[in-house]
Amino acid sequence: MRKIFPDAKAALDGLTFDGMTVMSGGFGLCGIPEHLIAALRDSGAKDLTVISNNAGVDGFGLGQLLGTRQIAKMISSYVGENKEFERQYLAGELQLEFNPQGTLAERIRAGGAGIPAFFTATGVGTLVADGKEVRDFGGRYYVMETGLVADLSIIKAWKADGRGNLQFRKTARNFNPMMATAGKVTVVEVEHIVPTGTFDPDQIHTPGIYVDRIVLTVPEKRIEQRTVRQREPGSSNEAVAQGGKF
């Protein structure tokens, strides 16, 4: 129970500093640690290097840290939903290290597993491979990518017990579990805290050994893009949700 903190600000107390590297979990706006991101913004820590699949949207998620100019560098895969990100990058105000999405996931997993580097065929012959070692294995070229670790991982889970054992729900399992292993300190915001012993051991997605602090939050659960189509002839529905990102 010592891992449970009363709010996001308390959960980050003493952990933030200028120039630190932060991993932030989630995919799009699904499974992002929105309250911890806001608390990181309020901490005032600046010159951050942030490792995240994406950069949120303007004014929400990591977009808040871009708005306050606290991020100096992003290590990301997809950043197309954030106009402020685009503006800062094109103006030379923000460093960017682009990664193919699978490569980014594997770099984080490798960092958490203590693997300093690995070779992948993805990116060979493109700008992704510029300045990196390329080797021939069995007649095919592979580029070397390094593992990633962070001073702090902030992630989102569905449930936790008092020991920090975690369960994730659906798309929130993208990036969050591997980031839990790759942070020197891992702080988790969750929707439910259950008594220790509630989880079937086979249903624990991340063991509590990787988790340092937990905070219970109520998520906003924004929809990043909502698209609809007109009702079909004879349908009683005015619109049917189609292809939205959740």
Side-chain angles (χ1 to χ4, degrees), residues 1 3-8 11-12 22-40 50-57 60-64 76-78 81 101-102 104-109 111-113 148 150 152-183 185-227 240-246:
M1 297 299 292
K3 294 185 177 183
I4 300 173
F5 285 69
D7 54 44
L12 293 187
V22 179
M23 286 186 180
S24 182
F27 183 85
L29 294 183
C30 178
I32 66 170
E34 58 198 66
H35 295 83
L36 290 172
I37 291 171
L40 180 58
V50 177
I51 301 167
S52 177
N53 178 62
N54 59 289
V57 296
F60 190 70
L62 291 175
Q64 297 176 87
S76 298
S77 177
Y78 177 70
E81 301 298 333
Q101 194 168 76
L104 179 63
E106 182 62 10
R107 292 183 71 189
I108 296 167
R109 190 202 68 81
L148 291 171
L152 171 68
S153 286
I154 52 175
I155 67 171
K156 167 70 182 295
W158 181 39
K159 292 182 179 180
D161 65 18
R163 292 183 179 176
N165 297 308
L166 304 179
Q167 286 185 342
F168 300 91
R169 189 168 184 268
K170 300 183 178 181
T171 314
R173 292 186 74 177
N174 288 317
F175 292 97
N176 279 304
M178 62 191 73
M179 286 184 175
T181 70
V185 178
T186 295
V187 182
V188 188
E189 65 176 75
V190 299
E191 297 180 43
H192 306 280
I193 296 177
V194 300
T196 299
T198 300
F199 295 144
D200 181 325
D202 285 338
Q203 299 303 313
I204 293 174
H205 300 145
T206 295
I209 189 67
Y210 294 110
V211 174
D212 298 285
R213 299 182 180 184
I214 305 163
V215 59
L216 181 66
T217 64
V218 179
E220 186 173 334
K221 295 189 178 180
R222 289 195 191 185
I223 296 175
E224 187 173 349
Q225 293 184 18
R226 186 189 297 275
T227 57
V240 180
Q242 175 180 315
K245 291 176 70 177
F246 297 84

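Although no hydrogens or angles enter the test, the distance criterion places no donor-acceptor pair under 3.5 Å between the side chain of Ser24 and the main chain of Ser52. Of the possible donor and acceptor atoms, none in the side chain of Glu189 sits under 3.5 Å from a partner among the backbone N and O of Ala8. Of the possible donor and acceptor atoms, one in the side chain of Arg213 sits under 3.5 Å from a partner among the backbone N and O of Ala11. No donor-acceptor pair closer than 3.5 Å links the side chain of Asp212 to the backbone N or O of Val187.
In this structure, Leu148 and Met23 have side chains that are in contact, with non-hydrogen atoms separated by less than 4.5 Å. Between Leu104 and Phe175, some side-chain heavy-atom pair lies under the 4.5 Å cut-off. In this structure, Leu12 and Ile154 have side chains that are in contact, with non-hydrogen atoms separated by less than 4.5 Å. Side-chain contact between Arg163 and Phe199 is absent, with no heavy atoms from C-beta onward closer than 4.5 Å. Counting heavy atoms from C-beta outward, His35 and Val215 have side chains that stay 4.5 Å or more apart. Side-chain atoms of Asn53 and Asn174, non-hydrogen and from C-beta on, never get closer than 4.5 Å to each other. Taking 4.5 Å as the limit, every side-chain heavy atom of Trp158 sits out of range of all side-chain heavy atoms of Arg173.
Between Ala172 and Gly31 the shortest heavy-atom distance is CB-CA, 3.8 Å. Taking all atoms of both residues into account, the shortest heavy-atom contact from Asp161 to Gly197 is OD2-N, 4.2 Å. Minimum interatomic distance between Asn176 and Gly26 (heavy atoms only, all atoms of both residues): ND2-N, 3.6 Å. Listed here is the closest heavy atom pair of Pro33 and Gly25: CD-O, 3.4 Å. Taking every heavy atom of both residues into account, Gln203 and Gln167 meet most closely at O-NE2, 3.1 Å. Scanning both residues, Leu216 and Glu191, for their nearest heavy atoms gives CD1-O, 3.3 Å.
For the pairing with Ile155, the side chain to side chain contact (heavy atoms under 4.5 Å, CB included) check across Leu36, Leu166, Ile32 returns one residue only, Leu166.
In this structure, Met178 CE and Ser153 OG are separated by 11.5 Å, a value rounded to the nearest 0.5 Å. For the atom pair Asn165 CG and Ile209 CD1, the distance stands at 10.0 Å (nearest 0.5 Å). One finds the CG atom of Leu40 at 10.0 Å from the CD atom of Gln64 (value rounded to the nearest 0.5 Å). Atom OG1 of Thr181 is separated from atom CD1 of Ile108 by 9.0 Å, given to the nearest 0.5 angstrom.
A salt bridge does not link Glu34 with Lys156: every distance from a Lys NZ or Arg NE/NH1/NH2 to an Asp or Glu carboxylate oxygen is 4.0 Å or more.
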